[in-house]
Amino acid sequence: MPSDATVKLDGQTVKTKRVKSGTSVSYEVSKAGYTTQSGSIPTSLSDAFKTVEKKITLVQESGG
């Protein structure tokens with residue numbers, strides 16, 4: 001993911017967020033010239049006190 005991409009977690013422009021285990025976080029990653037990626041990151045009770053990461057690949061739009 002380009003380092004200057006805009007990352008929104010639950011509608012807020014941030015790159016990290018602390019949440020209660022067992023909840024889901026919605027995400028949106030965008031950058032001009034790339035296809036925006038969005039979805040949800042679920043967490044489970046076993047994720048308590050852990051860092052949950054999501055790898056996201058932005059695909060460059062074709063210039064046609």
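Being a predicted model, the structure only gives us computed values, none of them experimental. Quick note: numbers below take in every heavy atom, side chains included, and nothing from hydrogens, waters or symmetry partners.
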Query raised in the report: V7, V14: one ILVMFWY side-chain cluster at the under-4.5 Å cut-off?
Result: yes

Query raised in the report: Is the side chain of T43 donor-acceptor paired with the backbone N or O of T23 at a distance under 3.5 Å, no angle test?
Result: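 Checking the backbone N and O of T23 against the side chain of T43, a donor-acceptor pair under 3.5 Å is found.
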
Could you tell me the separation between the [atom1] atom of [X] and the [atom2] atom of [Y], rounded to the nearest 0.5 Å?
{"X": "Y27", "Y": "S40", "atom1": "OH", "atom2": "OG", "answer": "8.0 Å"}
{"X": "E28", "Y": "Q37", "atom1": "CD", "atom2": "CD", "answer": "10.0 Å"}
{"X": "L45", "Y": "S21", "atom1": "CG", "atom2": "OG", "answer": "5.0 Å"}
{"X": "E61", "Y": "K31", "atom1": "CD", "atom2": "NZ", "answer": "11.5 Å"}

Query - Option among I41, V52, V25 that satisfies the side-chain contact (heavy atoms from CB on, under 4.5 Å) test with V19 - result: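 Exactly one option meets the side-chain contact (heavy atoms from CB on, under 4.5 Å) with V19, and it is V25.
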
Report task. Would you kindly say whether D10 and S26 are connected by a side-chain donor-acceptor distance under 3.5 Å? Result ->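 Checked: D10/S26 side chains pair up, N/O donor to acceptor below 3.5 Å.
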
Query raised in the report: Heavy-atom distance under 4.5 Å between the side chains of V29 and L58, does that happen here?
Result: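 Yes; the side chains approach each other to less than 4.5 Å.
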
